[in-house]
Amino acid sequence: MTTSAHGEDIQVGNGVESDFREFPSTQKEMSAEVDCDQHDHNMNKSGNSESEERASDCPQDAGTLKGPSAAGEDSFPTALSMRLSAVRGPDRLPDEGLQEVLRGKLRVLEADSGDVTALFSELSARLLSINSEEDLIFITFKTFEEIWKFSTYYTMGFLGQCMENLLMDQEFWLNSLEQDDPGIEVSVREETLSLMYKGILMQEGSFFGHCTTHQMFDSSTSGSDLYLEQGDIAMFEPPFLGSGWTVLSLVDGARGTKPKPALEPVDPFHQWFLKTCPESILVGSGKMAYDFPFQFAVGSCVATVEYDACGPDELSFDCGDVIHSVGLLVSCFQWFLGKHDSTGDVGLVKTCLVKPTQSLCESTETFLNKEEKLLFNMNDKHTKEETITLLNKTSKSDVGTVYKLDFIEHRDCQGGANQNGLYSVNASKQEELRSKIDLILSDLKGPSSLAEVAEPCQDDDTSEPAGGDEAPCFIVQPEEDSESPEGFLPLLTFLNCGDYRAEFSALYDHSLPFRDSLFSGHADDDELVTYLGVARETARKRRMFWAQSRVCFLLGKMCARMSKFSQARVYFEETLSVVRDLFTDTQLLVSVYTNLAVIYLMQKNTEKYFAVSERVAALVMAIPDYVCSTEKEPEVFKYILKKAILAHNIAAEARACFLLSKVYWKLGQSRTAAPFLERLQVLGEELPGTRSGTLSHCYLALGKLYGEKYLPHLAISTVRRASLQPSAGLAENLVGISLVLENAPRLFGVGKQGIPVPAQVAPYLSRALAFACAEEDRALCRALSLCLSQLFQKHCMLGRAIEHVRALVARGPGASLAEATDTLVYLAWLHVCNGEHRQALDVLDSLLASTPENCTSPQEGVVYNLRAIALQHSGDVRQAALSYQEAMDICEEFDSRHNWAIALANFGLLCLQAGARGLGESSLVQAVGFFSELTDEGHEGNFIAVLLELGRFYVQQGQPETGKLYYEWALLIAIKSNLSECQLKATRCLCHLYQAVCPDEAQCIIYNEHQLTLVRKTGDKGREGEILQAISQLYLSLGTERAYRSALDYTKRSLGIFIDLRRKEQEAYAWLQAGRIYHILQQNELVDLYIQVAQDSGLSTGDTHFILELLEVAGDVFFNGVWEREKAVSFYRDRAFPIAVKTSNARSQLRLSNKLAELLMQLKLYREALEFAQAALELSAGLGDRLNERVAFHRLATVYHCLGQYELAEHHFLKALALCPSPLQFDEEALYYVRVYQTLGDIIFYDLKDPHDAAGYYHLALAAAMDLGNKKSQLKLCTRLATIYHNFLVDRELSLFFYQRARAFATELNVRRINLSPDQNFHSTAHYKTGAP
């Protein structure tokens, strides 16, 4: 759980609160009594998730700006909850299985929220906390811009895709191809978001809002009051120090005040746009005094008055004339472009001078006919070529050139093969495929080659049509040579055209390409301006008005380039005044007006700026694909967007956003276009006439922008949204593939350590493949099929990988023999990995049969090597060895050391499998020698695999030092090559070596720490927790206080992971391990708490066998300790033993009985110990376990001995001895005889007072001691026998014999005195009574 940085306390968690988290990267903290108290609280709590969410989102005091008063700052919520729901199918129904997977991922993120924090930073939000149990994520915002961006992404549907990219595994995307469109839906409480937006605006001060009612404001700028109607947008400033609200009208800049205005903030996008608009654009332009019934119309209208044009750009008409709108008639603008019904003239018409006819209606299209709606080129031909190149580069495979090792991918994917099943194919289909392969190979060996096939394609690429007449080029003459007007006639003739021509686009373009494309011979811009000035004068004299107009326009552009804006304005105004007739070149007209508007704005002539901008608005609403004429053009379009916003004209706003996006894209400022493109998408989903093709393209354009801005989650989400549009075709999917592959390294860390192709690209590959197959584009089909197949192979879905390659073979595996061979070799390798060796041999045999005789190639060696692997796994060792030899001969012929080394390694493995260890070892060593001589890159993975295999061989042969050298060599190469997967394999081998083969705790800890670092990079939390537990156990075995504390630290970290993963069994053991370490550290106040939590976790599993095992291990904590051992009794007797009896678990009953008997004897509770000792005897006899039966007899004898029942003790000791194996196999068994017979002798001699029988037992003990060679025991026994024979049996000869023997042992053992007095001991005593160990 990540902690909240804000005032309100949001209860989230997974059963263990934040008190358990103390470690780096927000790991779990485990401390003192608070831990378990909090755990108990969480275990018992139950609540309503919906009420929790509402409580967090919507404080009861929350206010609103709407109404008579504004709410205070503290009444607004500061946290927003996001609910994540797993859904499936077209109806988006809940999926409980997927929801549980999602919940598990959220638990992991609670402990390590780095990735989700980065995601929400990309989404312009700030993470507060995660509640995995309720599937909630809590976020907050600091600025209204963050809310604007987040709400935009939410509206466009990006949040669900982003969460899928973050939470779902790679296999999810591959499985989703055959499932019913699974996914994640994100829902937020929009009213809470709105309240947060209002609260932040109140904190920031002034903001834009619209009036919710008609209202009057006290004027602060004039004598009359300010009147605002309902819906009017103005700038409001909250009260300060008791003052009222201040309002600024955007119509005329008038100000007013009011104590409690009724208002609502405008849309966040409008807020951002209006706040970023310069004041000169924002304020002014007056309010519309007319009420046109349509906002965004097409059709005809009727003039209501007579009007005489004031300029060539305007249209003259009489009252009642019918005027057709050209393009769109937008009511919020003063003008529209109209066409006179009777004369056919086209010009600007004032909107207020016409009224609609029955044919006038609202337009359902935001775009104009024949208008280019794409922001970037999506030429199908070039898109295909680029995608094929990218796929071939990304999924490049060396399967046709480099030999395959038998024990790398094959072993790794065996589980996958079993999981997915074998690729089912009947014999007839297999024979049909083989015939198809033979036919393909024979055709490709014929006269038609790749070069011949590609030749016409190359002609098609180079023989592009000319595409129209090229613009002429005019030489700029020196000033002294330019007096003759005849030299300007070609230029003026070219320019003196009333209508627009395609060649004129270079004249109007913002980058001024005409300086070099239309004119030549000038040294600088000044010479060109002089030349154009003379041309202007010549055109005026010759009354070539259109030529004069265009030359004036060029002069204006040149002056503006040189920052001579006043002079430029004069030229632009002359451009408009020169033309005598109607201004038929509308491209020139819009270019002139946009340049004039920019200059008026720069010169702060707002009145003319507004007037000219209104005309520009009318023209761009009618002219498709106008030419961008100035880099400041967006400043004009911002006015258009402002007018659309103030008029609440959604369609006009959408078109203005499109125009702004397009102009920014043309100007190379694509990042600046992003907000307007996002708004266009939001409005496009609302407008009924927006075409899905346009939406799809705009999503891809946004994807490109997000990629440039380093927002990979958003970039990939746009691809998903684009593909969901009904019109998305091949081009859209190919562009989507490129976007995913370009952003994958940022999102997944793809590179040498990652996957070459992310699984997120699979849906688009699949759709593109379907389109490519329909178009029969073989080259594209091949690239897509191989990429998909490699994806499935990487994730061990071999059946589906084979399916795609077989379909590719059926369509045609390649355009050349080399491509076809590579494809077929890859198919054979997939069959080998999937355990289908017969199918692989069929393909390989066909390849070999098609090979020309006496013409060897390197690819033939690849086939022989792969054929040998298939034969080896089919059990044909002899043929496999022959194929390996053929492969090695080809390597030797072509001096291919890399392949030669692989073939040698495979041959060595074959020999080891066949039992020829010497030959196998020498082959592997020779392969290592070849690998070590290689200098090129790409061989390291195979080299490391061979080194590890050779290391395993030496370890199995009992040469661990040699094996260690090969393991360490492999690890060093993996580190140098930055191959994390290989590092992980080598490190695991070294950990196993130092743990199981050559125990060395220090070395094992070092390599486990390195393994932990590597596993963290993979994101495998389960494996990370297991390694942490292993390191903890290693530190525990060191036996020092410092090591115990390190073990505790690692245990707590593993505990945090197991809690997040909901691995209850491992969690319970981790709690128990921590309690055990606290017991060792004598922190007894925590021991019982941790063990209790461990029991609770175990009980929550409901697994009786696991609970039984856990309770026994909990008892072992005290049983194996030094103090408080009596606490183990309650775990064994009162908790575990009844469960063992109830479940009829005889083994557990036996084990618990033995432990209880031993423990109760140590506690001197002999009567209670007797019960469990007898039970242990019955259980061991019933199980037929002779060793446990012997132990039970011995323990029962010891209990009777302690109870003073010496005859029964003797009886059971003899029973125990009778169960001993004969003959004796180990010294320990002889030592057992010595001790038991000596104990029997002591019982008989001291307790039963029978020296004669006691001497017999002592004799048997002495015989065993002599057989063992234990001189101390012999000394003790000889002394006892000498005492008995001297004092009781009165046998002087034997007494002297044993006395001399005892003196000899005493001298040898440096014992000074031997006591033979009969009163040395009065009775025997068991070691449980004396307290001896």
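Using the six-membered ring where Trp is involved, Phe158 and Tyr699 have ring planes that are perpendicular, over 60° apart on the 30 and 60° scheme. Taking the six-membered ring where tryptophan is involved, the planes of Phe150 and Tyr154 are essentially parallel, since the angle between them stays under 30° and well short of 60°. Using bins of under 30°, 30° to 60° and over 60° for the plane-to-plane angle, the ring pair Tyr197/Phe144 lands in the tilted bin.
Formation of a donor-acceptor pair under 3.5 Å by the Ser194 side chain with backbone atoms of Glu191 is not found in this model. Within the 3.5 Å criterion, the main-chain N or O of Thr78 finds a donor-acceptor partner in the side chain of Thr140. Side-chain atoms of Lys642 come within 3.5 Å of backbone atoms of Leu282 as a donor-acceptor pair (strictly under, hydrogens ignored). Side-chain atoms of Glu1067 never come within 3.5 Å of backbone atoms of Leu1055 as a donor-acceptor pair (strictly under, hydrogens ignored). A donor-acceptor pair under 3.5 Å links the side-chain atoms of Thr152 to the main chain of Trp148, judged by distance alone. Between the Asn743 side chain and the Leu739 main chain, a donor and an acceptor come within less than 3.5 Å of each other. Listed for the Asp91 side chain is no donor-acceptor partner under 3.5 Å among the backbone atoms of Leu93. In this structure, the side chain of His713 does not engage the main chain of Glu122 through any donor-acceptor pair within 3.5 Å. Judged by distance alone, with hydrogens and angles left aside, the side-chain atoms of Ser113 form no donor-acceptor pair with the main-chain N or O of Glu110 at under 3.5 Å. Asp95 places a side-chain N or O within 3.5 Å of a backbone atom of Leu98 that can act as its donor or acceptor partner.
With respect to the salt-bridge test (charged N to carboxylate O, under 4.0 angstrom), the residues Glu96 and Arg88 do not qualify. Between Arg679 and Glu653 a salt bridge is recorded (basic side-chain N to carboxylate O distance below 4.0 Å). Look at Glu204 and Lys142 and you find no salt bridge, because none of the NZ, NE, NH1 or NH2 atoms lies under 4.0 Å from a carboxylate O. Arg126 has a carboxylate O that lies under 4.0 Å from a charged side-chain N of Glu146, or vice versa, which qualifies the two as a salt bridge. Under the 4.0 Å criterion applied to side-chain N and carboxylate O atoms, Glu185 and Arg92 are assigned as salt-bridge partners. Residues Lys1021 and Asp1060 are not paired through a salt bridge, judged by the lack of any N-O separation under 4.0 Å between the basic side chain and the carboxylate. Ion pairing between Glu1024 and Arg1053 fails under the 4.0 Å rule for side-chain N and carboxylate O.
Contact of the Ile137 side chain with the Met163 side chain is registered, since non-hydrogen atoms from C-beta on lie closer than 4.5 Å. A 4.5 Å side-chain heavy-atom check between Thr718 and Leu700 finds every atom pair outside the cut-off. Tyr664 has its side chain out of reach of Ser670: every pair of non-hydrogen atoms, C-beta onward, lies at least 4.5 Å apart. In this structure, the side chains of Pro758 and Val740 come closer than 4.5 Å at one or more pairs of heavy atoms. Contact check for Leu641 versus Cys657: side-chain heavy atoms found under the 4.5 Å cut-off. Between Leu109 and Leu167 there is a side-chain heavy-atom pair separated by less than 4.5 Å. Considering only heavy atoms from C-beta on, Gln760 stays 4.5 Å or farther from Phe172 through its side chain. Looking at heavy atoms from C-beta onward, His214 lies out of side-chain contact with Asp232 at the 4.5 angstrom threshold.
The closest side-chain donor-acceptor pair between His210 and Glu264, if any, does not fall under 3.5 angstrom. Side chain to side chain, Glu732 and Gln725 fail the donor-acceptor criterion of an N or O pair below 3.5 Å.
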Step-by-step side chain to side chain contact (heavy atoms under 4.5 Å, CB included) determination, Phe269 to Leu274: CA-CA 9 Å; Phe269 169 78; Leu274 294 174; over 6 Å; no
Working for side chain to side chain donor-acceptor pair (under 3.5 Å), residues Gln230 and Thr212: CA-CA 5 Å; Gln230 182 178 356; Thr212 56; over 6 Å; no
Steps toward ring-ring contact (aromatic ring centres under 6.0 Å, His included) verdict (Phe676, Trp272): CA-CA 11 Å; Phe676 304 104; Trp272 167 80; 5.8 Å; yes
Derivation and outcome, side chain to side chain contact (heavy atoms under 4.5 Å, CB included), residues Leu80 and Met196: CA-CA 8 Å; Leu80 175 68; Met196 294 179 71; 3.7 Å; yes
Side chain to side chain contact (heavy atoms under 4.5 Å, CB included) assessment of Leu123 paired with Leu711: CA-CA 9 Å; Leu123 294 173; Leu711 302 173; over 6 Å; no
Verdict with reasoning, Asp267 to Gln271, per side chain to side chain contact (heavy atoms under 4.5 Å, CB included): CA-CA 6 Å; Asp267 182 273; Gln271 195 77 239; over 6 Å; no
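In this structure, CG on Leu687 lies 12.5 Å from CZ on Arg655, to the nearest 0.5 angstrom. The distance from the CE atom of Met156 to the CZ atom of Arg721 is 9.0 Å, given to the nearest 0.5 Å. If you take CZ on Arg103 and CG on Leu84, they are separated by 10.5 Å, rounding to the nearest 0.5 Å. If you take OG on Ser717 and CG on Asn165, they are separated by 5.5 Å, rounding to the nearest 0.5 Å. Note that CG of Leu660 and CG of Leu680 are 10.5 Å apart. Values are rounded to the nearest 0.5 Å. Atom-to-atom distance recorded for Leu136:CG and Ile130:CD1 is 11.0 Å, nearest 0.5 angstrom.
Closest approach of Arg107 to Ser132, counting heavy atoms only: CG-OG, 3.2 Å. Val266 and His270 get closest at one heavy-atom pair: CG2-CB, 3.9 Å. Of all heavy-atom pairs spanning Phe273 and Lys638, the tightest one is CZ-O, 3.3 Å. When all heavy atoms of Phe138 and Ser81 are compared, the pair lying nearest together is CE2-CB, 3.7 Å. The heavy-atom pair separating Cys211 from Phe236 by the smallest distance is SG-CZ, 4.1 Å. Shown here for Arg671 and Lys709, the closest heavy-atom pair between the two residues is CD-CG, 3.8 Å.
The number of heavy-atom neighbours closer than 6.0 Å to CD1 of Ile650, taken from other residues, nucleotides and ligands shown, is 12 or below. Within a 6.0 Å sphere centred on CD of Gln669, other residues, nucleotides and ligands contribute more than 12 heavy atoms.
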